[in-house]
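Remember, it's 1-based here, ligands and their atoms both numbered in the order they're listed.
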Amino acid sequence: MAEFRSRRSNLAVPGSNPRFLEKAKGLTSDQVFLDLEDACAPLAKPAARKNVVAALNEGGWGDKIRAVRVNDWTTEWTFTDVVEVVGGAGAELDCIMLPKVADAAQVQALDLLLTQVEKANGLEVGRIGIEAQIETAQGLINVNSIAFASPRIETLVYGPADFMASINMKSLVVGGLHPDYPGDPYHYILMQILMAARARGVQAIDGPYLQVRDVPAFEEVAKRSAMLGFDGKWVLHPGQIDAANAIYAPSQGDYDHAELILDAYDWATSEAGGKKGSAMLGDEMIDEASRKMALVIAGKGRAAGLSRTSSFTPPDS
Ligand code: GLV
Ligand code: MG
């Protein structure tokens with residue numbers, strides 16, 4: 001998991017609103033997802049599909065990852081969403097996000113449909129990835145097989161609002177801690193998703209925080225999942241983007257330190273450095289496990305575009 005495309009902030013944009021679609025192009029999120037699901041009223045879905053196809057084909061998204069969230073398989077819309085969006089703008093699309101994934105079969109069904117639509121439209125087969133939203137009790141108990149269901153899986157995404165409804169949680173504050181619970185009620189869920197994502201080698205993405213004007217509260221929630229190892233989080237408002245980009249990247253100090261560990265360990269294990277399996281970096285002992293931790297932080301920093309502000313000097317030179 002050292003190198004990957006950065007997904008620190010994933011901006012939700014309702015497909016039904018052409019003005020928001022246009023505005024999103026100029027924002028600094030790592031990813032956008034154009035929503036045909038819950039932010040799009042049933043009567044607005046046919047027009048939203050057309051808006052989304054037009055917005056993708058118009059371009060102007062820079063190097064953002066471009067995803068479209070289709071409707072889940074229990075609705076009457078999923079098939080048409082995929083056929084219209086991928087058929088109309090498949091070459092301009094990186095991922096399809098599938099909400100409320102219940103089991104591996106639902107991912108496989110999307111994979112098969114994508115393959116047909118890619119073939120029918122002369123697109124490269126298998127290029128479009130799948131982002132699987134885990135937002136029901138059933139999805140969570142099947143998360144491990146969902147993670148391994150298709151080579152197209154790129155992320156597992158926590159959907160806290162639907163999840164809270166799915167387990168009858170007695171709260172309306174999505175993602176926030178609750179005074180009646182002496183801990184983090186989401187810890188178990190986040191860890192299950194993270195373990196499945198890491199075992200499969202894909203990214204783990206935290207879901208939305210709905211109090212969009214309260215950026216400090218967003219930061220508090222984001223810091224918790226970032227600390228566990230999550231790679232990014234949804235943002236629902238431009239004001240949340242900078243916070244997510246900063247929180248899911250390592251600090252400059254940690255990034256510099258990680259790069260130093262990599263250089264120092266590389267040198268220590270070399271002929272010139274004495275072929276040592278463990279070594280000192282200042283007052284810190286480093287070994288192969290330190291290298292692995294440093295690779296994670298350095299990978300996140302490089303993906304976020306950080307630059308080093310220090311360099312390694314071998315002790316004897
Ligand atoms: C997102 O889809 C959520 O349900 O939180
Ligand atoms: Mg949801």
Side-chain angles (χ1 to χ4, degrees), residues 7 9-17 20 24 29 31-42 44-45 48 52 65 67-75 77-78 81 95-103 106-107 110 130-143 146 153-178 184-194 196-197 203-212 214 217-218 220-222 224-226 228 230-237 240-241 244 248:
R7 279 182 162 99
S9 50
N10 184 359
L11 179 66
V13 192
S16 49
N17 191 324
F20 285 177
S29 62
Q31 173 165 353
V32 287
F33 79 88
L34 315 183
D35 194 17
L36 297 175
E37 202 223 14
D38 284 356
C40 222
K45 291 188 198 283
V52 163
I65 299 171
V68 171
R69 179 166 72 164
V70 297
N71 289 278
D72 79 87
W73 278 123
T74 65
T75 69
W77 298 303
T78 324
D81 290 344
C95 283
I96 291 288
M97 185 185 300
L98 186 63
K100 303 178 181 67
V101 177
D103 54 30
Q106 293 196 340
V107 174
L110 177 59
I130 295 178
E131 304 204 299
Q133 269 195 287
I134 305 300
E135 44 184 356
T136 60
Q138 201 188 349
L140 193 69
I141 64 170
N142 290 323
V143 67
I146 289 169
I153 290 275
E154 292 192 20
T155 65
L156 299 179
V157 184
Y158 176 41
D162 275 302
F163 205 100
M164 289 166 71
S166 162
I167 63 171
N168 294 0
M169 197 177 259
K170 193 173 157 244
S171 167
L172 288 169
V173 184
V174 172
L177 298 187
H178 196 282
D184 179 349
Y186 310 104
H187 181 78
Y188 170 81
I189 307 162
L190 289 169
M191 276 310 224
Q192 293 275 318
I193 294 172
L194 183 62
Q203 293 192 42
I205 305 296
D206 195 0
Y209 185 72
L210 305 189
Q211 310 298 319
V212 295
D214 191 347
F218 171 89
E220 204 186 298
V221 174
R224 282 200 295 272
S225 69
L228 294 178
F230 271 65
D231 300 291
K233 183 169 177 66
W234 281 14
V235 291
L236 303 181
H237 189 269
Q240 296 178 329
I241 295 176
Y248 291 92

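With a 4.5 Å cut-off on side-chain heavy atoms, Cys95 and Phe33 do not count as touching. Looking at Ile134 and Tyr158, their side chains never come closer than 4.5 Å, going by heavy atoms from C-beta outward. Within the 4.5 Å cutoff, the side chain of Leu177 has heavy atoms near those of the Pro185 side chain. You'll find the side chain of Gln106 stays beyond 4.5 Å of the side chain of Asp72, heavy atoms only. Residues Arg69 and Gln133 are in side-chain contact: their nearest non-hydrogen atoms beyond the backbone lie under 4.5 Å apart.
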Atom pairs, nitrogen or oxygen, ligand 1 to protein, under 3.5 angstrom:
unit_1: ligand 1; atom_1: 2 (O); unit_2: Arg69; atom_2: NH1; d: 3.1
unit_1: ligand 1; atom_1: 2 (O); unit_2: Gln133; atom_2: NE2; d: 2.9
unit_1: ligand 1; atom_1: 2 (O); unit_2: Glu135; atom_2: OE1; d: 3.0
unit_1: ligand 1; atom_1: 4 (O); unit_2: Glu135; atom_2: OE1; d: 3.0
unit_1: ligand 1; atom_1: 4 (O); unit_2: Asp162; atom_2: N; d: 2.9
unit_1: ligand 1; atom_1: 4 (O); unit_2: Asp162; atom_2: OD2; d: 3.0
unit_1: ligand 1; atom_1: 5 (O); unit_2: Pro160; atom_2: N; d: 3.1
unit_1: ligand 1; atom_1: 5 (O); unit_2: Ala161; atom_2: N; d: 2.7

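For the pairing with Lys100, the side chain to side chain donor-acceptor pair (under 3.5 Å) check across Thr75, Asn71, Asp162 returns one residue only, Asp162.
With a cut-off of 2.8 Å, the protein N/O/S atoms near the Mg ion (ligand 2) add up to 2.
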May I have the list of side-chain donor-acceptor pairs in residues 163-174 shorter than 3.5 Å, sequence neighbours left out?
unit_1: Ser166; atom_1: OG; unit_2: Ala137; atom_2: N; d: 2.8
unit_1: Ser171; atom_1: OG; unit_2: Val173; atom_2: N; d: 3.1

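Between the side chain of Asp231 and the backbone N or O of Ala204, at least one donor-acceptor pair lies under 3.5 Å.
By the ring pair (Phe, Tyr, Trp, His ring centres under 6.0 Å) test, Tyr248 is found to be paired with no residue, residues two or more places apart in sequence or in another chain being considered.
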